[in-house]
Student: 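Quick one: structure below, then a few questions.
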Amino acid sequence: MKLASVKKAEGEFLLPTYDRLQILVDRGAGVYLYGADGRKYLDFLSGIGVNALGYSHPALTKVLTKQAKKLVHVSNLFYHPYTAELAKKLAGISGLDRVFFTNSGTEAWEGALKFARAYAQHVNKNGAEPRWRMLALENSFHGRTMGSLATTGQQKYQKPFVPLMPGVEFVRFNDVDDLKKKFDHTVCAVCMEPVQGEGGVRPVSKEFMQAARELTKKSGALLILDEIQSGMGRTGKYFAYQHYGVRPDIVTLAKPIAGGLPLGAILTTNAISESLHPGMHGTTFGGGPLACAVAVEVLNVIEKQKLLARNAKLGDYFRKQLLTLQKKHACIKEVRGMGLFLGAELDSADLAKATVTAMLEKGIIINRTNETVLRFLPPFIIEKKHIDVVVKALDQVLGSLAAKQAAAL
Ligand SMILES: *Cc1c(COP(=O)(O)O)cnc(C)c1O
């Protein structure tokens, strides 16, 4: 198969929703992705944070093939051993009590919004004022389905699909005064990503997170955190909220949880669980034996190989190298992020786009998000030498693009 023929067929038979990089992927191994033409790429995007243990990790492949031979799917009308095993592990590392499994990030976020509404009705039984408004953050990203979209504070995603779910208001990022102004007793939930991913790798400030926790706690509203991109150890702790000293009421997970298989999760409290009963929510595929068995193994590997401490240390190193580059290249406006969830904001969208393309030509995969931000989401199995390769290439690319720009003036 050649890229040209696949492109032609996709152009004919697929919906035109993706702007793909010009690589026909054949296979992956460790930190590398291989094109059908045999070219090897160092992957610092890892499937947008999904392939947290790299490609074809032997421990995951072993569980995957063994379970595939035994049982791939059974409906949620039956028990199988891995949902409970995985839920217990997730409760243990999160400090939350209970789990609902989904297939994707947006499905987890939809469920979280539904649970917030159900909980508000449940505690409001005695006829108090209705409480159903939700506050979300400007520039956020929570997924593509209607509820998720309604809480996604970016016009470009929402506009073609209005009208959306009513009752959502957006708060200016890290603006405590704006939060206080918009929060009142009609709010049932404050929703946010502790680190905005799609929105340009922007960590919420400690002050803002703690203000949201205090306001919601006092009034009985919920704090819902989207850790679909930041969760499962990427930031150097299992969950980004653990850097903030807060315990949320609901947390959503997805991307890396099953090492590449589609799986998401909603983590929540016993109190919220009491507002739910059989039949109120469900899914056909979510929490299946194959994805859950692999996810248990993902957590085993993270624990056994002490990857949290490693992610924190490598992340620090990577961030320092990027800050050094910032001193040298005036086009880097800011370096942000936590652990191995890092972004470098450049001073123009065209430059960021050209940088991603030039890095790809050097055999390195990174990504651009929110127009101007280079995003780095490497797998947890990278080594210091891989960071050095990426930083050196970035140094060269930014240098030569700046020289080109100067010559054009
Ligand atoms: C990717 C992402 C989603 C959506 O997940 P899907 O699996 O694509 O539906 C939601 N929230 C955040 C923070 C994400 O990064």
Side-chain angles (χ1 to χ4, degrees), residues 15 17-20 45-52 100-116 134 136-154 156-158 161 164-165 168 170 173 189-204 209 223-235 238-241 243-244 248 250-267 283 285-288 291 295 298 336-343 367-370 373 375-379:
L15 296 182
T17 54
Y18 297 114
D19 190 10
R20 300 194 201 278
L45 184 58
S46 58
I48 320 189
V50 167
N51 300 298
F100 180 90
F101 290 108
T102 69
N103 306 284
S104 68
T106 200
E107 191 194 354
W109 191 252
E110 290 285 333
L113 301 180
K114 283 178 72 178
F115 296 169
M134 296 182 180
L137 297 199
E138 287 184 358
N139 199 47
S140 59
F141 183 86
H142 296 296
R144 310 281 191 163
T145 52
M146 279 293 188
S148 300
L149 204 54
T151 48
T152 288
Q154 299 191 54
K156 66 173 176 193
Y157 293 124
Q158 288 194 338
F161 306 107
L164 301 171
M165 176 183 85
V168 182
F170 293 99
F173 187 72
V190 174
C191 312
M192 70 183 99
E193 301 150 86
V195 184
Q196 290 191 337
E198 209 64 34
V201 192
R202 290 171 212 277
V204 161
M209 178 69 83
L223 176 64
I224 309 182
L225 298 182
D226 183 344
E227 296 241 20
I228 289 168
Q229 200 162 144
S230 58
M232 295 291 281
R234 176 163 293 283
T235 65
Y238 275 114
F239 303 102
Y241 67 79
H243 294 277
Y244 290 84
I250 302 182
V251 176
T252 55
L253 300 178
K255 289 188 166 88
I257 177 171
L261 291 184
L263 184 69
I266 308 166
L267 278 45
T283 171
F285 291 108
V298 170
R336 296 187 291 259
M338 281 182 191
L340 290 178
F341 187 1
L342 292 169
N367 145 267
R368 175 180 71 129
T369 187
N370 207 253
V373 182
R375 177 171 48 175
F376 308 95
L377 292 167

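The structure displayed is predicted, hence computed values, not measured ones. Atoms within each ligand, like the ligands themselves, are counted from 1 in listed order.
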Student: Judged by atom type as modelled, is there a donor-acceptor pair below 3.5 Å linking the side chain of Glu193 to the main-chain atoms of Phe141?
Tutor: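 Yes.
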
Student: Could you verify whether a donor N or O on one side chain and an acceptor N or O on the other, from Thr106 and Thr145, lie under 3.5 Å apart?
Tutor: yes

Student: Roughly how far, to the nearest 0.5 Å, is OG of Ser140 from CE of Met192?
Tutor: 10.5 Å

Student: Suppose we screen for side-chain hydrogen bond (donor to acceptor under 3.5 Å, both in side chains). Which residues come up paired with Arg336, at least two apart in sequence or across chains?
Tutor: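 Residues passing side-chain hydrogen bond (donor to acceptor under 3.5 Å, both in side chains) with Arg336: Glu334, Glu345.
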
Student: Under a strict 4.0 Å criterion on non-hydrogen atoms, which protein residues are in contact with ligand 1?
Tutor: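 Correct list: Ser104, Gly105, Thr106, Phe141, His142, Gly143, Glu193, Asp226, Ile228, Gln229, Lys255.
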
Student: Between Ala291 and Pro262, which heavy-atom pair has the shortest distance, and what is it?
Tutor: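 Of all heavy-atom pairs spanning Ala291 and Pro262, the closest is CB-O, 3.9 Å.
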
Student: Distance from Thr252 atom OG1 to Leu267 atom CG, nearest 0.5 Å?
Tutor: 9.0 Å

